[in-house]
Amino acid sequence: MKPVPALAVLLIGLIVPMSGVARGETMPKGFVHVKDIAPTIIEDIRYATSNNFTGAVVPGYEAARCILARPVAEALARVQAEFEKSGKSLLVFDCYRPRRAVESFVRWARRQGSGTDPVYHPDIAGSQLVALGYIAARSGHSSGGSLDLTFAVRDGHGDFVAADMGGGFDLFDPSSHTASNKVSQTARANRQLLVSTMVKYGFANYHREWWHFRFGDEPFAGRAFDFPVSAKLRQE
C-alpha cells in the first residue's frame, strides 16, 4: 500500500472536523435557543426522554432544549414576563421539532393497530390518532413557529409544579380539547388563563390540544426543517 502524502493527511484532518460542525453544531439563521432569550422559562422537553407516548427518545432529539424561530422566542419571553408578575412560570414540553420526528410519529401510530394506552390514548386506537387530528403528518413545529406548553405555580415548598389542566400533555382524548367541559372548573380556568395570555402576545391555540400554540407571525411558515435538537447548536 502506498503511503498517504503528508499534505493529504493534513487536508483530511481539516475537512472531517469542518463537515461535522456543519452537520451537527449549526442551525439555520433565524433560530435561537429559548434559554438565550428567556432564561427563566422551565424546559421539560419530553421527546428527548422516554417520558412520552412512544415510550422512547424520539429521532432528532439529542438534548432537552427548546429551540424556536427568533420572533417566536421573543414573543414567548413577553408571555413569560407576564406570568412572572403573578409568581408563575411557563413550562415548555416541545418547541421546534425535526421533520424526522414528525415522520417517526406517523410510523409509530400505524404500528399501534387497535391498541390503546391508559395514559396517552385510553379510548382511541393508536392507528386512528393521525386521522382524528391528534398526531400530525406535517407539523408546524418543524418551522419553529409552534410549541407545546403549560404554566407552573409554586407549591407549599416553593417549588414550581405544573398547573392543573385536567389532563396531561399529549393525552389524546376529547377531554384535552381546550373548551372541554369534562374537566374541573379549576382546570377550565387555568386553560383560559393560558390561552388568553398567549393570544395577547400573538399566539393562537389549537382547539384539540390545550397545550399547543402557533405564533401568528412566524417567519418560516410552511417550511419543514430537519436539523437535530441539540445543546451544541449555534447559528450558521
Side-chain angles (χ1 to χ4, degrees), residues 20-21 23-28 30-70 72-77 79-80 83-84 88-105 107-108 117 119-120 135-136 139-155 159-163 165 167-172 176 194 198 203 206 209-215 218 220 224-236:
V21 169
R23 287 196 306 270
E25 296 183 3
T26 61
M27 58 186 169
F31 283 82
V32 295
H33 289 279
V34 166
K35 281 288 191 180
D36 291 341
I37 305 295
T40 58
I41 288 178
I42 303 168
E43 296 179 331
D44 181 14
I45 309 301
R46 299 290 181 85
Y47 302 144
T49 75
S50 60
N51 184 22
N52 64 70
F53 66 90
T54 73
V57 175
V58 175
Y61 286 82
E62 299 175 3
R65 291 296 183 94
C66 175
I67 295 172
L68 290 169
R70 179 176 286 275
V72 187
E74 292 172 344
L76 195 66
V79 178
Q80 173 71 346
F83 273 110
E84 286 184 323
K88 303 178 181 69
S89 175
L90 290 177
L91 189 163
V92 294
F93 299 120
D94 192 40
C95 300
Y96 158 73
R97 182 183 304 165
R99 185 178 66 246
R100 74 192 81 172
V102 177
E103 294 169 351
S104 76
F105 288 164
R107 292 193 299 270
W108 173 89
D117 183 284
V119 175
Y120 294 106
I135 291 178
S139 175
H141 283 272
S142 298
S143 68
S146 295
L147 71 161
D148 300 326
L149 81 172
T150 186
F151 67 85
V153 297
R154 299 279 188 181
D155 64 12
D159 299 321
F160 275 119
V161 295
M165 292 292 180
F169 166 60
D170 272 354
L171 170 59
F172 304 131
S176 292
L194 179 63
M198 293 290 284
F203 293 88
Y206 175 48
E209 299 174 345
W210 59 259
W211 57 81
H212 180 91
F213 293 85
R214 175 183 175 272
F215 188 58
E218 62 165 312
F220 303 117
F225 294 88
D226 196 42
F227 61 91
V229 176
S230 170
K232 299 178 181 179
L233 288 174
R234 294 298 168 197
Q235 284 190 349
E236 295 176 343

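- For Arg99, there are no side chain to side chain donor-acceptor pair (under 3.5 Å) partners at least two apart in sequence or on another chain.
- Within the model, atoms CZ of Phe105 and NE2 of His141 stand 8.5 Å from one another, a figure rounded to the nearest 0.5 Å.
- In terms of modelled atom types and a separation under 3.5 Å, the side chain of Asp148 and the main chain of Asp94 share no donor-acceptor contact.
- Across all their heavy atoms, Ile45 and Val92 have their closest contact at CD1-O, 3.9 Å.
- Considering only heavy atoms from C-beta on, Trp108 comes within 4.5 Å of Ile135 through its side chain.
- Contact between Gly167 and Trp210 at its shortest, heavy atoms only, is O-CZ2, 3.3 Å.
- Nearest heavy-atom pair, Leu194 versus Leu149, reported as atom, atom and distance to 0.1 Å: CD2-O, 3.7 Å.
- The aromatic ring centres of Phe225 and Phe220 sit less than 6.0 Å apart.
- Listed by chain and number, the residues in a side-chain contact (heavy atoms from CB on, under 4.5 Å) with Glu209 are Phe172, Tyr206, Trp211, His212 (sequence neighbours excluded).
- Scanning for side chain to side chain donor-acceptor pair (under 3.5 Å) contacts around Ser89 gives Gln80, with sequence neighbours left out.
- The closest donor-acceptor contact from the side chain of Ser176 to the backbone of Leu171 lies under 3.5 Å.
- Listed here is the closest heavy atom pair of Gly140 and Ser143: O-OG, 2.8 Å.
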- Task: Please report the C-alpha distance between Phe151 and Val79 in whole Å, then the side-chain angles of each, then the deciding distance to 0.1 Å, and finally whether the side-chain contact (heavy atoms from CB on, under 4.5 Å) criterion is met.
- Result: CA-CA 10 Å; Phe151 67 85; Val79 178; over 6 Å; no

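- For Phe93, the ring pair (Phe, Tyr, Trp, His ring centres under 6.0 Å) test picks out Phe169, with sequence neighbours left out.
- By the 6.0 Å and 45° rule, Arg154 stacks over the aromatic ring of Phe160.
- Listed by chain and residue number, Asn51, Phe53, Asp117, Asp170 satisfy the side-chain contact (heavy atoms from CB on, under 4.5 Å) test with Tyr120 (two or more places apart in sequence, or in another chain).
- Shown here for Leu91 and Ala162, the closest heavy-atom pair between the two residues is CD1-CB, 4.5 Å.
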- Run the side-chain contact (heavy atoms from CB on, under 4.5 Å) check on Tyr61 and Thr49 step by step: do they pass? CA-CA 9 Å; Tyr61 286 82; Thr49 75; over 6 Å; no

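- Annotation: side-chain contact (heavy atoms from CB on, under 4.5 Å) contacts of Arg100 (sequence neighbours excluded): Pro59, Pro98, Asp226, Pro228.
- When the side-chain contact (heavy atoms from CB on, under 4.5 Å) test is applied to Ala56, the partners found at least two apart in sequence or on another chain are Thr54.
- A search for side chain to side chain donor-acceptor pair (under 3.5 Å) contacts involving Ser50 returns nothing, not counting sequence neighbours.
- Of the possible donor and acceptor atoms, one in the side chain of Tyr96 sits under 3.5 Å from a partner among the backbone N and O of Phe227.
- Contact of the Val161 side chain with the Val153 side chain is registered, since non-hydrogen atoms from C-beta on lie closer than 4.5 Å.
- Evaluation of the salt bridge (charged side-chain N to carboxylate O under 4.0 Å, His left out) test over residues 31-43, restricted to residues two or more places apart or in two chains, returns Asp36-Arg234.
- With sequence neighbours excluded, the residues satisfying salt bridge (Lys or Arg N to Asp or Glu O under 4.0 Å) with Arg214 are Glu218.
- For the atom pair SG (Cys66) and CG (Leu76), the distance works out to 6.5 Å, reported to the nearest 0.5 Å.
- Closest heavy-atom contact between Ala73 and Val32: CB-CG2, 3.6 Å.
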